[in-house]
Amino acid sequence: MHELSITRNIVAIVSEHAAGQRVTRVRLQIGQLSAIMPEAIRFCFDLCAAGTLAEGAKLEIDETPGRARCDACGEEVALTALVGRCPACGTGILRITAGEEMLIREIEMNTEEASCA
């Protein structure tokens with residue numbers, strides 16, 4: 001379960017960027033081809049955020065569908081796994097264009113609260 005260490009890093013990055021302000025919301029983008037399970041991140045987030053500036057923050061996760069372009073015919077292909085075939089020409093020469101990412105998209109902080117760090 002590598003999501004625990006990923007979530008620890010997310011909380012560390014979020015806390016560093018919060019610069020002493022209470023974090024109220026974190027929005028992530030996780031690609032469906034990234035080998036990261038959003039449900040495991042959700043499970044780990046409250047545990048990892050306990051005692052940090054992100055404790056009690058709302059976690060939102062946007063999942064990005066997998067996409068690829070066929071190098072042989074140029075067809076845009078939806079992917080649910082890292083390996084696939086082009087439905088137009090049948091080749092397996094696909095270049096992934098979306099779905100491998102894991103990004104921290106937004107961090108919302110309460111700027112009116114006193115610093116708690």
Side-chain angles (χ1 to χ4, degrees):
M1 184 166 158
H2 65 288
E3 284 84 358
L4 179 59
S5 61
I6 291 170
T7 307
R8 282 185 182 141
N9 287 330
I10 291 168
V11 170
I13 292 167
V14 165
S15 296
E16 181 179 324
H17 285 279
Q21 299 174 11
R22 173 72 60 198
V23 176
T24 56
R25 187 176 63 92
V26 176
R27 184 172 154 230
L28 306 177
Q29 180 177 346
I30 299 176
Q32 292 177 337
L33 305 177
S34 67
I36 299 171
M37 298 173 58
E39 287 308 314
I41 297 290
R42 285 185 183 97
F43 177 79
C44 295
F45 185 77
D46 288 342
L47 298 171
C48 294
T52 73
L53 293 170
E55 183 171 0
K58 180 179 179 184
L59 177 66
E60 297 175 357
I61 299 176
D62 301 328
E63 294 184 54
T64 307
R67 302 276 318 156
R69 174 181 292 267
C70 177
D71 277 350
C73 71
E75 181 79 10
E76 290 287 329
V77 179
L79 286 180
T80 57
L82 288 171
V83 178
R85 293 211 164 269
C86 176
C89 71
T91 68
I93 309 170
L94 301 176
R95 184 185 319 254
I96 294 172
T97 57
E100 292 183 304
E101 62 277 359
M102 205 304 294
L103 306 168
I104 299 172
R105 299 297 284 181
E106 295 177 12
I107 302 170
E108 186 176 283
M109 295 169 277
N110 185 348
T111 57
E112 295 176 9
E113 246 181 53
S115 173
C116 62

Rounded distance [0.5 Å steps], CD in E39 versus SG in C44: 11.0 Å
ILVMFWY cluster, I61 and F45 together (side-chain gap under 4.5 Å): yes
Rounded distance [0.5 Å steps], CD in E100 versus CD1 in I30: 14.0 Å
Heavy-atom neighbours of M102 CE exceed 12 at 6.0 Å: yes
Nearest-0.5 Å distance that lies between atom CG in L33 and atom OG1 in T80: 8.0 Å
E101 side chain vs G99 backbone, donor-acceptor pair below 3.5 Å: yes
Sidechain-backbone polar pair: E75 side chain, C70 backbone, donor-acceptor under 3.5 Å: no
Flag, side chain of S15 to backbone of A12, donor-acceptor distance under 3.5 Å: no
Approximate separation, where rounding is to 0.5 Å, of R67 CZ and L79 CG: 8.0 Å
side-chain contact (heavy atoms from CB on, under 4.5 Å) between L28 and L59, worked out: CA-CA 8 Å; L28 306 177; L59 177 66; 3.8 Å; yes
Nearest-0.5 Å distance, CZ of residue R25 to NZ of residue K58: 7.5 Å
Cluster overlap I36 with I104, hydrophobic side-chain contacts below 4.5 Å: yes
Rounded distance [0.5 Å steps], CG in D62 versus CD in E106: 8.5 Å
Co-membership, hydrophobic cluster, residues L103 and I107, 4.5 Å side-chain: no
Atom of L94, atom of A68 and distance for their closest heavy-atom approach: CB-CB, 4.0 Å
ILVMFWY cluster, M37 and I41 together (side-chain gap under 4.5 Å): no
